[in-house]
**Student:** 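One structure follows; several queries about it will come next.
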2 protein chains.
Amino acid sequence: MSATQEDYIKVLFELGGKSRNVSNKSVAERLELSPPTVTEMMNILVTAGYVEYVKYKGASLTDSGTRYAKHIIRKHRLWEVFLVEKLGISIDAVHREAELLEHVTGDDVADKLEVFLDYPKFCPHGGAIDFDEMDRQETELKTLSEVEVGRTVKISRIIDEEKLLMFFKTQKCDIGDILVVEDVDEQIDLITTYNKTKDQRLQLSLSISKYLFVETA
Amino acid sequence: MSATQEDYIKVLFELGGKSRNVSNKSVAERLELSPPTVTEMMNILVTAGYVEYVKYKGASLTDSGTRYAKHIIRKHRLWEVFLVEKLGISIDAVHREAELLEHVTGDDVADKLEVFLDYPKFCPHGGAIDFDEMDRQETELKTLSEVEVGRTVKISRIIDEEKLLMFFKTQKCDIGDILVVEDVDEQIDLITTYNKTKDQRLQLSLSISKYLFVETA
DNA sequence: AACATACTTTAGGTTTGCCAAAATTAATAT
DNA sequence: ATATTAATTTTGGCAAACCTAAAGTATGTT
Ligand SMILES: [Mn+2]
Ligand SMILES: [Mn+2]
Ligand SMILES: [Mn+2]
Ligand SMILES: [Mn+2]
């Protein structure tokens, strides 16, 4: 599989392709490609046995595809841990680097890297490295936007997209922080929370809060 | 520049393209490509400003091309040090991995990696990491095949090609070993040396000895 | 039931990096 | 000077990933 194809598989996984049917449009948006390009690639990935595709309905991952995606994601996250913890590169810069490293890392290197890093459980953005824990995160985590007013939650994971990471860097807000959801205003697209850990108010748009994964604290 | 193009530039450098004109055939052999493919790429690299090309005579690197090659080679060697020293991967396996990693390593990552590794001077095969030391090696090192009978030399560098590394692994023979050249027989393609460091006789074909770089001990 | 709209697919085309076969050139030997 | 040989270049073609424009489909609205 080419690096290109691995990125498609990964996006399918990240968009829930293990269970749902993922639309070509969403894949195209994520990878910044045109929809026809995605259609074409889906057919290739079907032939390769990683994807099931229903015309006009979208793609889902086969077991083989899901396993493959997890392997790449594991490598991605191991590199992120290395880059942050050993090289001291900032948390918002590592994603771009890992996005390339993940495709040129043999299984043996990944395994030895994991040992060297002393079996980290999560990447710097809170993503699980262990396969089972990946599954658990997918079922048990919800986005901050889905939390009812009044609930107290813990920030478990930030989707690592460049812009978001910059936002969370400027706002003082980290993985593990405890938030109380004080108000959700769909009209003005705003969610108001109180960050207990940092002892300060945190307001953010609902659209951004969709990329913040939390679990009941 | 694509990874492909970076590999061409690197091969030109390794084949002496800083000073000599390198033939398309030798590049084609090294990269396991057809000669027409190389001709084609040379024209592209001329346009990009990295190569000067004289039809039917071969390619040489411009200053810009030389600098570029050194940057890639530095990254390659830094990764090799990391893979051997930190992950414990064997010396004959790291080359293949570094061959890919070198193309996806930002300058910042390379710099931080160098700090993390505490400024190593050489890769596991004896290749210099510092630009000036690369130049020194190129001018001062000669191949074992060029040494006169009776001379005592130190193994400074092994060209990292898969097959050779395997050979030097089975023979007990490492960077830094002191060799005395006892006999050179061009007829039967054999060079006989005595490895002072390991206190044992070492015989190898002249063709292989062309890939062993030494300096007067 | 007909329409509008949003998404998907098809069709045709580009670029990069590769190839084999044939033609050309340079260098060497006679 | 001519012939042979080896390397190089030209030519024509292919596959992977991308694109735009146009045609087709599904779905919800009136
Ligand atoms: Mn990637
Ligand atoms: Mn991450
Ligand atoms: Mn390479
Ligand atoms: Mn090396």
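Computed from a predicted model, the values in this text were never measured in an experiment. So you know, we letter chains A, B, ... as the sequences are listed, proteins then strands, and number each from 1.
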**Student:** Check whether any side-chain N or O of B/Thr62 sits under 3.5 Å from a backbone N or O of B/Tyr50 as a donor-acceptor pair, and report yes or no.
**Tutor:** yes
**Student:** Tell me: CE of A/Met42 to P of C/dT10, nearest whole Å?
**Tutor:** 15 Å
**Student:** Say whether, by atom type as modelled, one donor and one acceptor occur between the side chain of B/Gln171 and the main chain of B/Leu202 under 3.5 angstrom.
**Tutor:** no
**Student:** Reading nucleotides 16-26 of chain C 5' to 3', which nucleotides get B (base under 4.0 Å from a protein heavy atom), which S (sugar-phosphate only), which -?
**Tutor:** -SBBBB--BSS
**Student:** Is NZ or CZ of B/Lys86 both nearer than 6.0 Å to the six-membered ring centre of B/Phe116 and within 45° of the ring axis?
**Tutor:** yes
**Student:** Rounded off to whole Å, could you give me the NZ-to-C1' distance for the B/Lys57 and C/dA27 pair?
**Tutor:** 13 Å
**Student:** Send over the distance from B/Lys25 NZ to D/dA7 P, rounded to a whole Å.
**Tutor:** 4 Å
**Student:** Below 30° counts as parallel, above 60° as perpendicular, anything between as tilted: where do the rings of B/His95 and B/His76 land?
**Tutor:** tilted
**Student:** Is there a donor-acceptor contact under 3.5 Å linking the side chains of A/His71 and A/Asp107?
**Tutor:** no
**Student:** Tell me, which pairs form a salt bridge (Lys or Arg N to Asp or Glu O under 4.0 Å) where one or both residues lie in residues 55-73 of chain A, sequence neighbours left out?
**Tutor:** A/Lys70-A/Asp135
**Student:** Under 4.0 Å between a side-chain N/O of A/Asn24 and OP1 or OP2 of C/dT9, yes or no?
**Tutor:** yes
**Student:** Expressed as a whole number of angstroms, how long is the span from A/Asn43:CG to D/dA17:P?
**Tutor:** 14 Å
